[in-house]
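Remarks on the structure that follows.
The chain is numbered in sequence order, starting from 1.
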Amino acid sequence: PPWWQTPWARAAFFLAALLAVAWLAHGYRQRLRQRHAWQLVEHKRELAEQASEAKSRFLATLGHEVRTPMTGVLGMSELLQASDLSPRQRDHVDAIHRAGEHLKQLVNTALDLARIEAGKLELDAADFDVRQLVREIAALNAPMAERKGLRFVGQVADDVPATLHGDCTRVRQIL
(Lines give C-alpha, C1' and ligand atoms only; values in the text may rest on other atoms or scores of the structure.)
Protein backbone atom coordinates (compact mmCIF):
# COMPACT_ATOMS: atom_id res chain seq x y z
CA PRO A 1 0.00 0.00 0.00
CA PRO A 2 1.07 3.65 -0.43
CA TRP A 3 2.81 5.15 2.61
CA TRP A 4 -0.22 7.26 3.65
CA GLN A 5 -2.31 4.06 4.02
CA THR A 6 0.18 2.27 6.26
CA PRO A 7 -0.75 1.68 9.92
CA TRP A 8 2.03 4.04 11.01
CA ALA A 9 0.72 6.85 8.76
CA ARG A 10 -2.83 6.31 9.98
CA ALA A 11 -1.62 6.45 13.60
CA ALA A 12 0.31 9.65 12.80
CA PHE A 13 -2.77 11.20 11.15
CA PHE A 14 -4.92 10.21 14.12
CA LEU A 15 -2.36 11.65 16.53
CA ALA A 16 -2.13 14.85 14.46
CA ALA A 17 -5.94 15.17 14.46
CA LEU A 18 -6.00 14.56 18.22
CA LEU A 19 -3.33 17.23 18.76
CA ALA A 20 -5.26 19.68 16.54
CA VAL A 21 -8.44 19.10 18.56
CA ALA A 22 -6.50 19.52 21.83
CA TRP A 23 -4.90 22.72 20.51
CA LEU A 24 -8.29 24.10 19.43
CA ALA A 25 -9.80 23.19 22.83
CA HIS A 26 -6.91 24.90 24.63
CA GLY A 27 -7.35 28.02 22.48
CA TYR A 28 -11.09 28.04 23.14
CA ARG A 29 -10.54 27.73 26.92
CA GLN A 30 -7.92 30.50 26.79
CA ARG A 31 -10.36 32.76 24.95
CA LEU A 32 -13.06 32.03 27.56
CA ARG A 33 -10.63 32.89 30.36
CA GLN A 34 -9.72 36.18 28.68
CA ARG A 35 -13.36 37.07 28.12
CA HIS A 36 -14.17 36.27 31.76
CA ALA A 37 -11.24 38.38 32.98
CA TRP A 38 -12.34 41.28 30.75
CA GLN A 39 -15.93 41.00 32.05
CA LEU A 40 -14.66 40.99 35.62
CA VAL A 41 -12.56 44.12 35.03
CA GLU A 42 -15.51 45.80 33.31
CA HIS A 43 -17.80 44.92 36.22
CA LYS A 44 -15.32 46.31 38.76
CA ARG A 45 -14.99 49.53 36.72
CA GLU A 46 -18.77 49.94 36.66
CA LEU A 47 -18.94 49.40 40.43
CA ALA A 48 -16.21 51.98 40.97
CA GLU A 49 -18.05 54.49 38.77
CA GLN A 50 -21.28 53.88 40.68
CA ALA A 51 -19.49 54.34 44.01
CA SER A 52 -17.87 57.55 42.78
CA GLU A 53 -21.21 58.89 41.58
CA ALA A 54 -22.86 57.99 44.89
CA LYS A 55 -20.07 59.79 46.76
CA SER A 56 -20.48 62.87 44.58
CA ARG A 57 -24.25 62.91 45.19
CA PHE A 58 -23.65 62.51 48.92
CA LEU A 59 -21.15 65.37 48.99
CA ALA A 60 -23.48 67.64 47.03
CA THR A 61 -26.38 66.86 49.37
CA LEU A 62 -24.22 67.28 52.46
CA GLY A 63 -22.84 70.55 51.13
CA HIS A 64 -26.33 71.92 50.58
CA GLU A 65 -27.60 70.71 53.96
CA VAL A 66 -24.67 72.24 55.86
CA ARG A 67 -24.38 75.41 53.81
CA THR A 68 -28.00 76.47 54.36
CA PRO A 69 -27.84 76.71 58.18
CA MET A 70 -24.25 77.99 57.99
CA THR A 71 -25.45 80.92 55.91
CA GLY A 72 -27.92 81.72 58.70
CA VAL A 73 -25.17 81.55 61.35
CA LEU A 74 -22.91 83.80 59.28
CA GLY A 75 -25.73 86.26 58.63
CA MET A 76 -26.57 86.50 62.31
CA SER A 77 -22.92 86.93 63.25
CA GLU A 78 -22.64 89.78 60.72
CA LEU A 79 -25.68 91.43 62.28
CA LEU A 80 -24.08 91.09 65.71
CA GLN A 81 -20.83 92.56 64.38
CA ALA A 82 -22.73 95.65 63.25
CA SER A 83 -24.26 96.19 66.71
CA ASP A 84 -22.79 97.85 69.80
CA LEU A 85 -20.74 95.25 71.61
CA SER A 86 -18.09 95.26 74.27
CA PRO A 87 -14.58 94.44 73.06
CA ARG A 88 -14.84 90.97 74.60
CA GLN A 89 -18.21 90.31 72.97
CA ARG A 90 -16.88 91.57 69.64
CA ASP A 91 -13.96 89.12 69.89
CA HIS A 92 -16.42 86.29 70.53
CA VAL A 93 -18.63 87.28 67.59
CA ASP A 94 -15.58 87.65 65.34
CA ALA A 95 -14.43 84.17 66.39
CA ILE A 96 -17.91 82.77 65.62
CA HIS A 97 -17.86 84.46 62.22
CA ARG A 98 -14.34 83.19 61.38
CA ALA A 99 -15.25 79.66 62.51
CA GLY A 100 -18.42 79.77 60.40
CA GLU A 101 -16.46 80.93 57.38
CA HIS A 102 -13.93 78.16 58.01
CA LEU A 103 -16.69 75.55 58.25
CA LYS A 104 -18.21 76.85 55.03
CA GLN A 105 -14.82 76.57 53.37
CA LEU A 106 -14.44 72.98 54.61
CA VAL A 107 -17.75 72.10 53.00
CA ASN A 108 -16.61 73.82 49.82
CA THR A 109 -13.36 71.82 49.99
CA ALA A 110 -15.32 68.57 50.13
CA LEU A 111 -17.29 69.71 47.10
CA ASP A 112 -14.05 70.72 45.39
CA LEU A 113 -12.77 67.15 45.77
CA ALA A 114 -15.77 65.94 43.83
CA ARG A 115 -15.10 68.63 41.21
CA ILE A 116 -11.45 67.60 40.96
CA GLU A 117 -12.44 63.98 40.36
CA ALA A 118 -14.86 65.14 37.68
CA GLY A 119 -12.19 67.40 36.13
CA LYS A 120 -14.34 70.50 36.67
CA LEU A 121 -12.40 72.47 39.29
CA GLU A 122 -11.51 75.99 38.21
CA LEU A 123 -8.98 78.15 40.04
CA ASP A 124 -9.49 81.86 40.74
CA ALA A 125 -6.05 83.36 40.39
CA ALA A 126 -5.67 86.85 41.87
CA ASP A 127 -3.24 88.83 44.00
CA PHE A 128 -3.55 88.35 47.77
CA ASP A 129 -1.70 89.41 50.91
CA VAL A 130 -0.02 86.27 52.22
CA ARG A 131 0.79 87.77 55.63
CA GLN A 132 -2.84 88.79 56.17
CA LEU A 133 -3.94 85.29 55.16
CA VAL A 134 -1.55 83.68 57.65
CA ARG A 135 -2.76 86.08 60.38
CA GLU A 136 -6.38 85.06 59.69
CA ILE A 137 -5.52 81.36 59.82
CA ALA A 138 -3.56 81.86 63.05
CA ALA A 139 -6.41 83.85 64.62
CA LEU A 140 -8.85 81.09 63.70
CA ASN A 141 -6.71 78.27 65.12
CA ALA A 142 -5.15 80.03 68.14
CA PRO A 143 -8.18 79.59 70.46
CA MET A 144 -8.33 75.84 69.80
CA ALA A 145 -4.60 75.54 70.48
CA GLU A 146 -4.86 77.58 73.71
CA ARG A 147 -7.59 75.28 75.04
CA LYS A 148 -5.10 72.44 74.67
CA GLY A 149 -2.34 74.41 76.39
CA LEU A 150 -0.55 75.09 73.12
CA ARG A 151 0.41 78.23 71.26
CA PHE A 152 -0.41 78.60 67.57
CA VAL A 153 1.81 81.03 65.70
CA GLY A 154 1.80 81.77 61.98
CA GLN A 155 5.06 83.02 60.51
CA VAL A 156 5.96 84.08 57.00
CA ALA A 157 9.62 84.27 56.01
CA ASP A 158 10.97 87.76 55.34
CA ASP A 159 11.97 86.89 51.78
CA VAL A 160 8.37 86.00 50.80
CA PRO A 161 6.80 88.84 48.79
CA ALA A 162 3.98 90.76 50.50
CA THR A 163 1.61 89.93 47.65
CA LEU A 164 1.34 86.58 45.92
CA HIS A 165 -0.62 85.65 42.81
CA GLY A 166 -2.76 82.53 43.03
CA ASP A 167 -6.02 81.13 44.34
CA CYS A 168 -6.33 82.55 47.84
CA THR A 169 -9.15 80.16 48.74
CA ARG A 170 -7.08 77.09 47.84
CA VAL A 171 -4.05 78.42 49.74
CA ARG A 172 -6.33 79.01 52.76
CA GLN A 173 -7.59 75.43 52.45
CA ILE A 174 -4.03 74.12 52.40
CA LEU A 175 -3.01 76.16 55.41
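Nearest heavy-atom pair, Arg88 versus His92, reported as atom, atom and distance to 0.1 Å: O-CD2, 2.6 Å. For the pair Gly154 and Ala138, the tightest heavy-atom approach, listed with the atom from each and the gap, is N-CB, 4.0 Å. Minimum heavy-atom separation, Phe13 to Trp4: CE1-O, 3.6 Å.
Within the structure, every pair that satisfies the salt bridge (charged side-chain N to carboxylate O under 4.0 Å, His left out) test and touches residues 52-62, not counting sequence neighbours, is listed here: Glu53-Arg57, Lys55-Glu117. For residues 89-101, every residue pair satisfying the salt bridge (charged side-chain N to carboxylate O under 4.0 Å, His left out) rule, not counting sequence neighbours, is listed here: Glu101-Lys104.
Taking Arg170 as the reference, Asp112, Asp167 meet the salt bridge (Lys or Arg N to Asp or Glu O under 4.0 Å) condition, with sequence neighbours excluded. Partners of Glu49 according to the side-chain hydrogen bond (donor to acceptor under 3.5 Å, both in side chains) rule, which considers only residues two or more places apart in sequence or in another chain, are Arg45. Every residue two or more places apart in sequence or in another chain that forms a side-chain hydrogen bond (donor to acceptor under 3.5 Å, both in side chains) with His165 is listed here: Asp127. Applying the salt bridge (Lys or Arg N to Asp or Glu O under 4.0 Å) rule to Glu65 yields no partners; only residues at least two apart in sequence or on another chain are considered. Partners of Thr6 under the side-chain contact (heavy atoms from CB on, under 4.5 Å) rule, at least two apart in sequence or in another chain, are Trp8, Ala9. Considering only residues two or more places apart in sequence or on other chains, Gln89 meets the side-chain hydrogen bond (donor to acceptor under 3.5 Å, both in side chains) condition with Ser86. For Arg10, there are no side-chain hydrogen bond (donor to acceptor under 3.5 Å, both in side chains) partners two or more places apart in sequence or in a different chain.
More than 12 heavy atoms of other residues, nucleotides or ligands sit less than 6.0 Å from atom CD of Gln39. Around the CD atom of Glu122, the shell of radius 6.0 Å holds no more than 12 heavy atoms that belong to other residues, nucleotides or ligands.
Hydrophobic clustering (ILVMFWY, side-chain heavy atoms < 4.5 Å, transitive): Leu175 and Val160 are in one cluster. In the hydrophobic clustering of this structure, Leu140 does not group with Leu106; members are Ile, Leu, Val, Met, Phe, Trp, Tyr whose side-chain heavy atoms approach within less than 4.5 Å, directly or through other members.
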Could you list the donor-acceptor pairs under 3.5 angstrom formed between side-chain atoms of residues 146-153 and any protein atom two or more places apart in sequence or on another chain?
none

Show me, pair by pair, the donor-acceptor contacts under 3.5 angstrom made by side chains of residues 69-79, not counting sequence neighbours?
unit_1: Thr71; atom_1: OG1; unit_2: Arg67; atom_2: O; d: 2.8
unit_1: Ser77; atom_1: OG; unit_2: Val73; atom_2: O; d: 3.4
unit_1: Ser77; atom_1: OG; unit_2: Leu74; atom_2: O; d: 2.8
unit_1: Ser77; atom_1: OG; unit_2: His97; atom_2: ND1; d: 2.7

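The CZ atom of Arg35 lies 14.0 Å from the CD atom of Glu42; values are rounded to the nearest 0.5 Å. In this structure, the separation between CG on Asn141 and CE on Met144 is 4.0 Å, given to the nearest 0.5 Å.
For the pair Tyr28/Leu32, a side-chain contact is recorded, criterion being any heavy-atom separation below 4.5 Å from C-beta on. By the 4.5 Å heavy-atom criterion applied to side chains, Val130 and Phe128 are counted as neighbours.
At a cut-off of 3.5 Å, with distance as the only test, no side-chain donor of Arg31 or Gln34 sits close to an acceptor on the other residue.
Under a 4.5 Å side-chain heavy-atom cut-off, the cluster of Ile, Leu, Val, Met, Phe, Trp and Tyr residues that includes Leu80 is completed by Leu85, Val93.
Of the options Leu133, Asp129, Val134, a side-chain contact (heavy atoms from CB on, under 4.5 Å) to Arg131 is made by Asp129 and by none of the others.
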